[in-house]
**Q** 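Here's a structure for you.
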Amino acid sequence: MSYVLRRMAIAAGLIWLVATLIFLLIRLIPGDPAELLLSGGGVAPDPVAVEELRERLGLDQPLLAQYTTYLGRLSRLDLGTSLLDEHPVAEEVFKRLPRTVELILAAALLAIASGLPLGIMAALRRGSAIDRALSAFASLNQSVPVFVSGTILVLVFAQTLRWVLAGGYVPFAQNPGQHVINLLMPAFTIALGLSTVIFRMVRTTVLETLEREWVRTARAKGLAPRQVLRRHVVRNALGPVLTVLGLQMGTLLGGTVLVEYVFNWPGLSGFLVRAVEQRDYPEVQGIVLTICTLFVLLNLAVDLLYAVLDPRVRHG
């Protein structure tokens, strides 16, 4: 329990630190944020409009007062109001957030489901043709950017074979089957790169574990190869996989930006691109804070799951 509380306290501190950094970085940008938001096409904005926007954003107040107001709003899950249509940013963010989380979790599950068994297979057949082929494919796969692999998947499965739609989104409650079909290609696109990392990590870990003395002892006691693999080898390979997942969460979140655009998936990353293009300051701030918070929470979940698999972590 102390480990859980400690990790949760660290996560809360990180979220506060991220929120503070976002607040400071936006205000440390050279120039007046209100003037930058209203300027366009090289035309100087109306000073009256600039002053009104400064007042609306609270930029006319002292920095400490702005920070206090900012933290107070965050404590109420208030991310501000959009400059364009004046809708609450939190409302749009919380509507799109589950779609991005669903995409990330589906990609992680696909990556584990493919990278874990293939890594074990390559390790058990070290030096064989299967091992060389899987390693070569992993190297090739890791060198392909997500927008390239996504475009290729659309070309092959949507345009040529016509097995699935090229993109789009259907709510699960409306049509569960179509929802899953539309989810598969973007999730698989993100999972390709992660599965390569997991494959290499599992292969290396299994090879190292097979040389451990306690594995040789288990074999000497007469345990069946499957029991040795399941009880002693695979369980120890899951720890590094979870570590990799935690380290790769930032990559997954970054990969969703291009993937959501390619497959027209209405998630949080696509919303961020639109907000940046339209220079909607409150939306950008709210979305970046939400993505950073999601990254911290996902890493917290990975740490807690790692502690379940390896009790030594809880008592370390």
Side-chain angles (χ1 to χ4, degrees), residues 103-158 160-161 163-164 180 183-212 214-216 218-219 223-256 258-259 262-263 298 302 305-306 309-310:
L103 185 58
I104 292 173
L105 293 180
L109 290 175
L110 287 174
I112 294 174
S114 57
L116 183 62
L118 291 179
I120 295 174
M121 181 189 302
L124 295 178
R125 293 168 174 78
R126 181 180 183 180
S128 65
I130 294 178
D131 180 27
R132 292 194 297 269
L134 290 175
S135 299
F137 179 75
S139 299
L140 175 64
N141 183 34
Q142 196 168 19
S143 64
V144 180
V146 291
F147 66 89
V148 174
S149 57
T151 304
I152 293 175
L153 288 175
V154 170
L155 178 63
V156 173
F157 293 102
T160 304
L161 299 177
W163 288 355
V164 294
V180 173
L183 174 65
L184 280 178
M185 280 216 301
F188 185 71
T189 301
I190 299 175
L192 283 174
L194 181 60
S195 63
T196 299
V197 178
I198 293 176
F199 164 80
R200 289 179 170 175
M201 178 61 69
V202 170
R203 181 181 181 276
T204 302
T205 304
V206 169
L207 286 175
E208 292 177 353
T209 306
L210 289 174
E211 299 299 325
R212 299 290 184 182
W214 38 271
V215 173
R216 292 198 294 266
R219 289 173 173 172
L223 288 179
R226 289 186 178 181
Q227 291 180 323
V228 174
L229 184 65
R230 184 177 65 254
R231 294 181 182 178
H232 301 284
V233 179
V234 175
R235 184 180 178 87
N236 285 274
L238 290 178
V241 169
L242 289 177
T243 303
V244 168
L245 281 177
L247 295 174
Q248 292 292 316
M249 283 304 172
T251 304
L252 290 180
L253 288 170
T256 59
L258 293 173
V259 170
V262 170
F263 291 97
L298 287 174
V302 170
L305 186 56
Y306 195 11
L309 292 175
D310 191 350

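Any value given below was found using the heavy atoms of this structure, including those in side chains, with hydrogens, waters and symmetry copies removed. Please read these numbers as outputs of a predicted model, since none were measured by experiment.
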**Q** I'd like to check Val146 versus Ile190 (side-chain heavy atoms, cut-off strictly below 4.5 Å). Are they in contact?
**A** no
**Q** Sequence neighbours left out, what passes ring-ring contact (aromatic ring centres under 6.0 Å, His included) with Phe188? Give chain and number order.
**A**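 Testing Phe188 for ring-ring contact (aromatic ring centres under 6.0 Å, His included), a comparison that skips the adjacent residues, returns none.
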**Q** Give a yes or no on whether the backbone of Ala111 and the side-chain of Ser114 come within a donor-acceptor separation of less than 3.5 Å.
**A**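 Yes, the answer is positive, given that a donor and an acceptor are paired below the 3.5 Å cut-off.
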**Q** Write down the atom of Ile198, the atom of Gly115, and the distance for their closest heavy-atom approach.
**A** CG2-C, 4.0 Å
**Q** Roughly how far, to the nearest 0.5 Å, is OG1 of Thr160 from CG of Leu155?
**A**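 Interatomic distance, Leu155 CG to Thr160 OG1, rounded to 0.5 Å: 4.5 Å.
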**Q** I'd like to check the side chain to side chain contact (heavy atoms under 4.5 Å, CB included) partners of Thr204; sequence neighbours left out, ordered by chain and number.
**A**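 With sequence neighbours excluded, Thr204 shows a side chain to side chain contact (heavy atoms under 4.5 Å, CB included) to Glu208, given in chain and number order.
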**Q** Can you confirm whether Thr189 sits close enough to Phe263 that some side-chain heavy atom of one is under 4.5 Å from a side-chain heavy atom of the other?
**A**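 In contact.
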**Q** Between Leu194 and Ala108, which heavy-atom pair has the shortest distance, and what is it?
**A** CD2-CA, 4.1 Å
**Q** What pair of heavy atoms forms the shortest contact from Thr151 to Val262, and how long is it?
**A** N-CG1, 4.4 Å
**Q** In Å, rounded to the nearest 0.5 Å, how long is the span from CD of Gln142 to CZ of Phe199?
**A**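 Going from the CD atom of Gln142 to the CZ atom of Phe199 covers 11.0 Å.
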**Q** Nearest heavy-atom pair of Ser195 and Asn141: which atoms, and what distance?
**A**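 What the structure gives for the nearest pair is OG-ND2, 4.0 Å.
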**Q** Could you name each residue pair satisfying salt bridge (charged side-chain N to carboxylate O under 4.0 Å, His left out) that touches residues 189-205, not counting sequence neighbours?
**A**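 Qualifying pairs, neighbours excluded: Asp131-Arg203.
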**Q** Taking all non-hydrogen atoms of both residues, which atom of Ala187 and which atom of Leu103 are closest, and how far apart?
**A**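 In this case the closest contact between Ala187 and Leu103 is N-CD1, 3.6 Å.
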**Q** Out of curiosity, Thr196 OG1 to Leu118 CG, how far, rounded to the nearest 0.5 Å?
**A** 10.0 Å
**Q** Could you measure the distance from the CG atom of Leu140 to the OG atom of Ser135? Nearest 0.5 Å is fine.
**A**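 The CG atom of Leu140 sits 12.5 Å away from the OG atom of Ser135.
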**Q** Side chains of Leu192 and Val144: does their closest heavy-atom pair fall under 4.5 Å?
**A** no
**Q** How long is the gap from CG on Leu110 to CG on Leu184, to the nearest 0.5 Å?
**A**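 Reported to 0.5 Å precision, the distance equals 7.0 Å.
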